[in-house]
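Everything below concerns the one structure shown next.
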Amino acid sequence: MVRTNALGVFAAAMVAFVNAPASAQVRDAVYRGTLICDKLPFIEHKMREAISVTISRGAVRYSHVVRLRETAEPVAEEGTGTLNGQNLSLQGSWSGGNRQYKASYSGVFVRRSARLKGAQTWIDGGRTITRACSGAIKRPLRAFLPRDKKPPANQ
């Protein structure tokens, strides 16, 4: 009977360890990818632009390139988000001239990547336009992450 109780205590300790807040730190990294958004009435094509999501100690920030012409806009879409287990949620906005939008994207992590889906709600000269976006972000393999340089030996 004592052995069974010891196994139960060990199992409970393992479950608590696995679900501890430290598991959020496993996601701490910079994730990069692309978002593909539907065409807007004032642009010729669908847009496929870079997105970067940074997760650090539970805080989530992101930046997404905005392109309405051949060159990227000087100001990127920026926002924050939440990470709840494997679920990622991002909210942000962008403003330029008489155009602006609010964005919302969400996704679920599978290993070191997440597929994103969401929408942007634009205000352009008094009219409201909503367009769908989807994409993916991925954390690079550890071998491709920048390494800290060691200080030079005594000189």
Side-chain angles (χ1 to χ4, degrees), residues 6-69 71-124 127-148:
L7 287 175
V9 170
F10 177 73
M14 288 304 295
V15 168
F17 177 73
V18 170
N19 291 328
S23 64
Q25 292 178 356
V26 171
R27 295 262 176 242
D28 284 1
V30 175
Y31 296 80
R32 291 189 172 82
T34 57
L35 274 180
I36 302 170
C37 296
D38 290 345
K39 182 185 171 314
L40 287 165
F42 47 86
I43 7 181
E44 292 184 31
H45 308 287
K46 279 184 163 184
M47 292 296 166
R48 178 186 179 112
E49 302 302 336
I51 184 170
S52 175
V53 178
T54 302
I55 301 174
S56 178
R57 299 179 187 225
V60 180
R61 294 177 292 113
Y62 82 94
S63 176
H64 173 236
V65 172
V66 177
R67 187 180 312 268
L68 301 177
R69 301 176 218 35
T71 59
E73 294 295 311
V75 177
E77 169 191 337
E78 293 184 336
T80 60
T82 58
L83 182 62
N84 186 5
Q86 307 292 63
N87 299 314
L88 176 67
S89 177
L90 304 171
Q91 299 80 33
S93 62
W94 175 83
S95 179
N98 66 341
R99 294 182 174 134
Q100 60 185 351
Y101 69 84
K102 291 189 183 221
S104 178
Y105 315 106
S106 61
V108 177
F109 276 101
V110 176
R111 295 186 190 97
R112 59 188 184 92
S113 65
R115 293 192 181 275
L116 300 174
K117 281 192 169 192
Q120 298 172 343
T121 303
W122 286 73
I123 297 176
D124 176 39
R127 63 183 174 157
T128 302
I129 304 160
T130 300
R131 72 172 176 170
C133 298
S134 63
I137 57 172
K138 192 172 197 175
R139 182 189 71 208
L141 289 169
R142 184 178 190 97
F144 298 108
L145 293 175
R147 297 189 180 166
D148 294 331

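- No more than 12 heavy-atom neighbours from other residues, nucleotides or ligands sit within 6.0 angstrom of CZ on Arg115.
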Next item on the list: Under the side chain to side chain contact (heavy atoms under 4.5 Å, CB included) rule, what do Val60 and Thr80 come out as? Steps first, then yes or no, please.
Entry: CA-CA 5 Å; Val60 180; Thr80 60; over 6 Å; no
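- Using a 3.5 Å distance cut-off with no hydrogens or angles, the side chains of Tyr105 and Gln91 do not pair a donor with an acceptor.
- In this structure, the separation between OG1 on Thr130 and OH on Tyr101 is 13.0 Å, given to the nearest 0.5 Å.
- Counting heavy atoms of neighbouring residues, nucleotides and ligands inside a 6.0 Å radius, atom NZ of Lys46 does not exceed 12 of them.
- Separation of atoms CD (Gln100) and CD1 (Ile123) is listed at 5.0 Å; rounding is to 0.5 Å.
- Residue Tyr31 holds its OH atom at 12.0 Å from NZ of Lys138, rounded to the nearest 0.5 Å.
- Expressed to the nearest 0.5 Å, how far CD1 of Ile55 lies from CZ of Arg27 amounts to 7.5 Å.
- Within 6.0 Å of CZ in Arg112 there are more than 12 heavy atoms belonging to other residues, nucleotides or ligands.
- Between Phe42 and Trp122, the two ring planes are perpendicular [angle over 60°; tilted spans 30° to 60°].
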Checklist line | Trp94 vs Glu73, side chain to side chain contact (heavy atoms under 4.5 Å, CB included): CA-CA, chis, key distance, verdict | finding: CA-CA 10 Å; Trp94 175 83; Glu73 294 295 311; 3.8 Å; yes
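- The two residues Ala72 and Val65 make their nearest non-hydrogen contact at CB-CG1, 3.8 Å.
- Remark: of the listed residues Thr34, Ile51, Val108, Ile51 is the sole one forming a side chain to side chain contact (heavy atoms under 4.5 Å, CB included) with Leu116.
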Next item on the list: List the steps and the verdict of side chain to side chain contact (heavy atoms under 4.5 Å, CB included) for His64 and Glu49.
Entry: CA-CA 7 Å; His64 173 236; Glu49 302 302 336; 3.8 Å; yes
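- Here the CG atom belonging to Asp38 is positioned 7.0 Å from the SG atom belonging to Cys133, to the nearest 0.5 angstrom.
- Asn84 CG: 12 or fewer foreign heavy atoms inside a 6.0 Å radius.
- Within the 4.5 Å cutoff, no side-chain heavy atoms of Thr82 are placed close to those of Leu90.
- Closest approach of Asp28 and Gly58 over heavy atoms only: OD1-N, 4.1 Å.
- Between Gln120 and Ser104, the closest side-chain pair of non-hydrogen atoms is not below 4.5 Å.
- Between Ala76 and Val66 the shortest heavy-atom distance is C-CG2, 4.4 Å.
- Atom CE of residue Met47 and atom CZ of residue Arg67 lie 7.5 Å apart, to the nearest 0.5 angstrom.
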Next item on the list: Go through the steps to decide whether Glu77 and Ser93 satisfy the test side chain to side chain contact (heavy atoms under 4.5 Å, CB included), and finish with yes or no.
Entry: CA-CA 6 Å; Glu77 169 191 337; Ser93 62; over 6 Å; no
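- The closest side-chain heavy-atom distance from Arg131 to Leu40 is below 4.5 Å.
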